[in-house]
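These numbers were taken from a predicted model, which means no experiment stands behind them.
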Amino acid sequence: MPSHTFALHPQLAQDSLLLGSYPLCMLRMLNTGLYPWFLLIPRRMSGEQWLGELYDLEAADQQQWLLESMDLSHQLAAFYQPDKLNIASIGNRVPQLHIHHVVRFASDPAWPGVVWGQPLGDALDAASLARIRRDFLPALGQGFVMQGGL
């Protein structure tokens, strides 16, 4: 299979901020102040098309994704102390495979319902983003490389 350059779906680029990369996945954060909402996006294509499902990844990439997702999940739980961590791949509006990791609290505006389709509210404020960059991202393992310039 010929190798094609990875391309990020324009909607994901518009709605989220790049934080860095694991060996397989780009880590982005949805630009909302309502929920700590992270996205793992495998940097894989099928020809010139985006992959849409986890099962579309080759077996080794599935295993790598699991390592990266578990690392992110453990660090989110330690950093935020959530009531629940929602992990899901929906993809109904954006066809590119992206897996949501949403930190949930009983006090959040959508609790106990789902966050999907809810208003996202104001953008993430600069102080919160700086705290994530300073205190959260350095704790990530599994080959995570932080993106500069946030």
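Taken to the nearest 0.5 Å, the CG atom of Asp125 stands 11.0 Å off from the CZ atom of Arg131. Rounded to the nearest 0.5 Å, atoms CE (Met146) and CG (Leu18) are 11.5 Å apart. Between the CH2 atom in Trp116 and the CG atom in Asn86 there is a gap of 6.0 Å [rounded to 0.5 Å]. Note that the NE2 atom of His98 and the CG atom of Asp15 stand 9.0 Å from one another [nearest 0.5 Å]. Atom CG of Leu120 sits about 5.0 Å away from atom OG1 of Thr32, to the nearest 0.5 Å. A distance of 8.5 Å separates CG of Leu72 from CZ of Phe144, quoted to the nearest 0.5 Å.
Leu76 and Trp111 end up in different hydrophobic clusters when Ile, Leu, Val, Met, Phe, Trp and Tyr side chains are linked at under 4.5 Å.
Trp50 and His9 have tilted rings, their planes meeting at an angle from 30° to 60° on a 0 to 90° scale.
Not one N or O on the side chain of Gln75 forms a donor-acceptor pair closer than 3.5 Å with the backbone of Leu140. When atom types are taken as modelled, the side chain of Asp108 and the backbone of Phe105 share a donor-acceptor pair closer than 3.5 angstrom. In this structure, the side chain of Asp83 engages the main chain of Ala106 through a donor-acceptor pair within 3.5 Å. Panel note: side chain Asp71, backbone Gly141; a donor-acceptor pair is recorded below 3.5 Å. Using modelled atom types, one side-chain atom of Arg43 and one backbone atom of Cys25 make a donor-acceptor pair closer than 3.5 Å. A donor-acceptor contact shorter than 3.5 Å is absent between the side chain of Gln96 and the backbone of Pro42.
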**Request:** For ring pair (Phe, Tyr, Trp, His ring centres under 6.0 Å), just list the numbers for Trp37 and His101, CA-CA rounded to whole Å, side-chain angles, deciding distance to a tenth of an Å, and then say yes or no.
**Result:** CA-CA 6 Å; Trp37 191 326; His101 291 65; over 10 Å; no

**Message:** Does Leu137 form a side-chain contact (heavy atoms from CB on, under 4.5 Å) with Ile132? I'd like the steps, not just the answer.
**Reply:** CA-CA 6 Å; Leu137 295 181; Ile132 290 164; 4.2 Å; yes

**Request:** Output, in order, the C-alpha distance, side-chain angles, deciding distance and verdict of side-chain contact (heavy atoms from CB on, under 4.5 Å) for Leu24 and Arg44.
**Result:** CA-CA 8 Å; Leu24 174 66; Arg44 296 291 187 263; 3.5 Å; yes

**Working for side-chain contact (heavy atoms from CB on, under 4.5 Å), residues Val94 and Gln11** = CA-CA 7 Å; Val94 176; Gln11 192 68 52; 3.9 Å; yes

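What you find for Ser89 and Ile99 is that their closest heavy atoms are CB-CG1, 4.2 Å. Annotation for Gln147 and Arg133: closest pair O-NH2, 3.6 Å, computed over non-hydrogen atoms. Annotation for Asp135 and Pro138: closest pair C-CD, 4.1 Å, computed over non-hydrogen atoms.
Counting only heavy atoms from C-beta outward, the side chains of Ile41 and Leu12 approach each other to under 4.5 Å. In this structure, the side chains of Val145 and Tyr22 stay at 4.5 Å or more apart for every pair of heavy atoms. For the pair His100/Val115, no side-chain contact is recorded, criterion being any heavy-atom separation below 4.5 Å from C-beta on. Annotation: side chain of Leu19 is in contact with side chain of Leu129 (closest heavy-atom distance under 4.5 Å). Considering only heavy atoms from C-beta on, Leu54 stays 4.5 Å or farther from Gln62 through its side chain.
Between Tyr80 and Tyr35, the distance from one ring center to the other does not fall under 6.0 angstrom.
For the 3.5 Å distance criterion, the side chains of Glu68 and Gln64 qualify, holding a donor opposite an acceptor.
Taking a 6.0 Å sphere around CZ of Arg93, one finds it holds 12 or fewer heavy atoms contributed by other residues, nucleotides or ligands.
Partner Ser16 forms a side chain to side chain contact (heavy atoms under 4.5 Å, CB included) with one of Leu124, Leu39, Leu8, Leu27 and no other, that one being Leu39.
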